[in-house]
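Every heavy atom of this structure was used, including side-chain atoms; hydrogens, water molecules and symmetry mates were not. Throughout, protein chains are lettered first and strands after them, A, B, ... in sequence-line order, and every chain is numbered starting at 1. Predicted, not measured: the structure shown is a model, and the values here were computed from it.
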There are 2 protein chains.
Amino acid sequence: MDVRNGQAYTTATYRLFDDKADFGKKAEGIAVGLTVGSWTDLPEVTKRKMEKHLGLVVSVDAHEPEGAAPGERYADITIAYPDANFSRDLPALLVTVFGKLSMDGRIKLLDLKPSSDFLSAFSGPKFGIAGVRDRLGIQDRPLLMSIFKSVIGYDLDGLREQFLQQALGGVDLIKDDEILFENPLTPLEKRVETCIGAARQAERETGQKLIYFTNLTGPTSKLRENARRAIDAGANGLLFNVLAYGFDALAELANDPSIDVPIAAHPALAGAFYPSPHHGIAAPLLLGKLTRIAGADLSLFPSPYGSVVMPKEENLAVQAALVDEALPLPKAFPVPSAGIHPGLVPLILRDFGGDVVVNAGGGVHGHPLGAAAGGKAFRQAMDAVAAGQDLAEYAKRHEELRIAIERWGVRHA
Amino acid sequence: MDVRNGQAYTTATYRLFDDKADFGKKAEGIAVGLTVGSWTDLPEVTKRKMEKHLGLVVSVDAHEPEGAAPGERYADITIAYPDANFSRDLPALLVTVFGKLSMDGRIKLLDLKPSSDFLSAFSGPKFGIAGVRDRLGIQDRPLLMSIFKSVIGYDLDGLREQFLQQALGGVDLIKDDEILFENPLTPLEKRVETCIGAARQAERETGQKLIYFTNLTGPTSKLRENARRAIDAGANGLLFNVLAYGFDALAELANDPSIDVPIAAHPALAGAFYPSPHHGIAAPLLLGKLTRIAGADLSLFPSPYGSVVMPKEENLAVQAALVDEALPLPKAFPVPSAGIHPGLVPLILRDFGGDVVVNAGGGVHGHPLGAAAGGKAFRQAMDAVAAGQDLAEYAKRHEELRIAIERWGVRHA
């Protein structure tokens, strides 16, 4: 339903729970109510004029098992919205398909299929998986990201030391904590200079490039300027709390040629949207498709392994949306996060494949021999998987991995 | 917990559902985890340095009834966050208190009490209830707002006629539909000129001032410019889909002296946040306190009377947050919306008092004698309440109200 009678349509799929509703009628009500407002009582001449603005019911897939308990009956409803009704930006699309409707009973937005015409307004990830790999010069293995242990209350020296230890372990990407804002101890430009200085120092030892994702914060109207300040100070990546600013803010950053570094989208606040079965926006759409359309090169989301959990099926659907070939935009790196330790690496690579960022905080810093050893243990675990070797077996000849496994074990499923 | 040892704190209250957790320990985990990261194992000298950044548990109010069924056990937890940890903007505050935490199990953000220091960065509503009343010259009655019936697919003449009929009925405020974006039929400036022209024409008949809230849309970086374009064309109010752009975008508009017209915040997408008992952000915080802090002069929210429902208790809590004297900012107008007809006016005024905007769409346009009669019926219903008269009795001498009551009835509770 991309084009019909020369008109472009964008479809939205909802799951609507209702114990009694006539789902077909409900779907018609959405298609008309969120577009032309009324239909059946319009004069024929008006109908002809309005037809290109009318929403259409694409499908109604009712789930009404025999003897369903109250609360179990639902339908997945897909509606096609004429692109003629909204401007080609994400706020307009979201307000059209789920503005008022989000408040209308137990309804969750599951998916969107923007028309090619709508998508043509977006350049998507400026670097994507391929571009980030090129920047690092790494084509043949998963990437390793690490997170500062603590940042609040630390001064530049404290941050520098943490950064250096992480970098010496051979990580590819280091990101700021998403709760590190502009502050007198580690102000933006000094923080960037300090961390990039530490990255260069580590590079002389490891021979390895590294991207540092500086947290981009501040007033909405200053985001571009702050991004440029960070980049001018040497930042070669940006972290962005996209949901706190809206998808359009990310889209504008990604679309700006002067912001010439990869952007990692942080899922802060995402839990306000996706976990309820009855309300909100499904994770694969929120953290997958919309984040990619808006232009994130990497998208972080809660892994299925750690303390902050998302069911594995949902996780893999987020990943699928980030790399789906059907979307005519560069692919974005999936970054399943939280609770990751070296003993999980074989499982992560089995679940997510090779185009994944293994992202660790405690699993790096909590290594008994320190953060540098933590990074090395992860890289050894990746090497073991690449060599097709059993992790425990490989660990016998690799001390950092051996100690990590003693600390956290190996998880097979 | 505003200030302690000379430090400002902002508190957040959560409802956390968990069948087994030690809520006290969980609260400590939040207070430490979302601030300094770790505490008990820090050296004393570091603790002294870090203490001013440490979150504090204010209260843990557990709800664990005897024989609670699975899913019923919860605690309301209040944590104080040092303002030193975040910059004075709403994205920083929200990411700090509910960024990662939103994804950590069944947890809902119920309330925030920003410190006076934090609040001092916000001017809040530029007009508020008092300023909007002054602009209209109406001090002694509730205001009446009406919404276009259909807007998509209409040209300027069609919009003008709809506007004029609404205005002739004596409404005080007319708002664009939130799904009307920049489009070739009714582009921003022409739309404003057309509608404001109709407002002037009606004013010559009714002698009454009117505010037209033009929908402010487009790319985030163009919002200010588009607002100015609308204002320069004559717009004397703006409608804004705040949740699609983030609270900070609203705060910047409200804080901009050149945007010298009232802003009405539309709740589009709010249903993605507030309805679940287990996830998201509570309506009184989302559509009440945060919307007011960000600077909306009016806040629309689903009424407890119509098809798009919110429980009355929650509705009144949204209102309370918009007018709470404890917040050192101008009060914002509550606009309970959806399903409003003239027969509901006594109930609305009983529930919400006099500082309310009665907001109607179908209740104006669906009047058997047309939209102008619809507006008059609402004004007659307000007059009846002001005169302390029974609606049905008053309707005997007021035709428009009589016919409205024949159509929709009178609801007493």
Max heavy-atom pairs within cutoff under 4.5 Å with chain A, candidates B:His278, B:Lys49, B:Met50, B:Lys108, goes to B:Met50

Checked A:Ala84, A:Gly246, A:Ala244, A:Gly153 vs chain B; the most non-hydrogen pairs under 4.5 Å come from A:Gly153

Bottom line for B:Leu34: the part with an atom under 4.5 Å from chain A's heavy atoms is backbone

So CE of B:Met103 and CE of A:Met310: to nearest 0.5 Å the spacing works out to 8.0 Å

Q | Side chain to side chain, B:Phe86 and A:Thr217, heavy atoms closer than 4.5 Å | A | no

**Prompt:** Under the side chain to side chain donor-acceptor pair (under 3.5 Å) criterion, do B:Glu182 and A:Ser87 qualify, and how do the steps go?
**Reply:** CA-CA 6 Å; B:Glu182 192 58 9; A:Ser87 46; over 6 Å; no

Here the gap from A:Leu94 atom CG to B:Leu243 atom CG, rounded to the nearest 0.5 Å, amounts to 11.0 Å

OG1 (B:Thr220) and CG (A:Leu223) are apart, to the nearest 0.5 Å, by 9.0 Å

One option among B:Ser102, B:Gly99, B:Ala268 has the most heavy-atom pairs under 4.5 Å with chain A, and it is B:Ser102

Test side-chain contact (heavy atoms from CB on, under 4.5 Å), reference A:Ile179, set B:Thr35, B:Asn85, B:Val95, output is B:Val95

Taken to the nearest 0.5 Å, the spacing of B:Lys100 NZ from A:Leu300 CG works out to 10.0 Å

Scored by heavy-atom pairs under 4.5 Å with chain A, the best of B:Gly280, B:Ala92, B:Ser276 is B:Ala92

Whatever's closer than 4.5 Å to a heavy atom in chain A on B:Pro267 counts as both

Shortest non-hydrogen pair, A:Gly218 vs B:Asp89, comes out as CA-OD2, 4.3 Å

Practice item. Using modelled atom types only, decide if a donor and an acceptor are shared between the side chain of A:Asp248 and the backbone of B:Pro219 within a distance under 3.5 Å. Key: no

One should read off an interatomic distance between B:Trp39 CH2 and A:Ser150 OG, to the nearest 0.5 angstrom, of 11.5 Å

dist A:Lys149:NZ -> B:Ser38:OG (nearest 0.5 Å) comes out at 4.5 Å

Answer key: most heavy-atom pairs under 4.5 Å with chain B among A:Ser221, A:Ala249, A:Pro82, A:Gly37 is A:Ser221

- request: Decide yes or no for A:His279 and B:Phe273: does some side-chain heavy atom of the first lie under 4.5 Å from some side-chain heavy atom of the second?
  value: no

The interface call for B:Glu252 against chain A, heavy-atom contacts under 4.5 Å, is side chain

**Q.** More than 12 heavy atoms from other groups under 6.0 Å of CD on B:Glu51
**A.** no

Checklist entry - Can A:Phe181 and B:Thr96 be said to form a side chain to side chain contact (heavy atoms under 4.5 Å, CB included), step by step? => result CA-CA 10 Å; A:Phe181 303 99; B:Thr96 295; 3.2 Å; yes

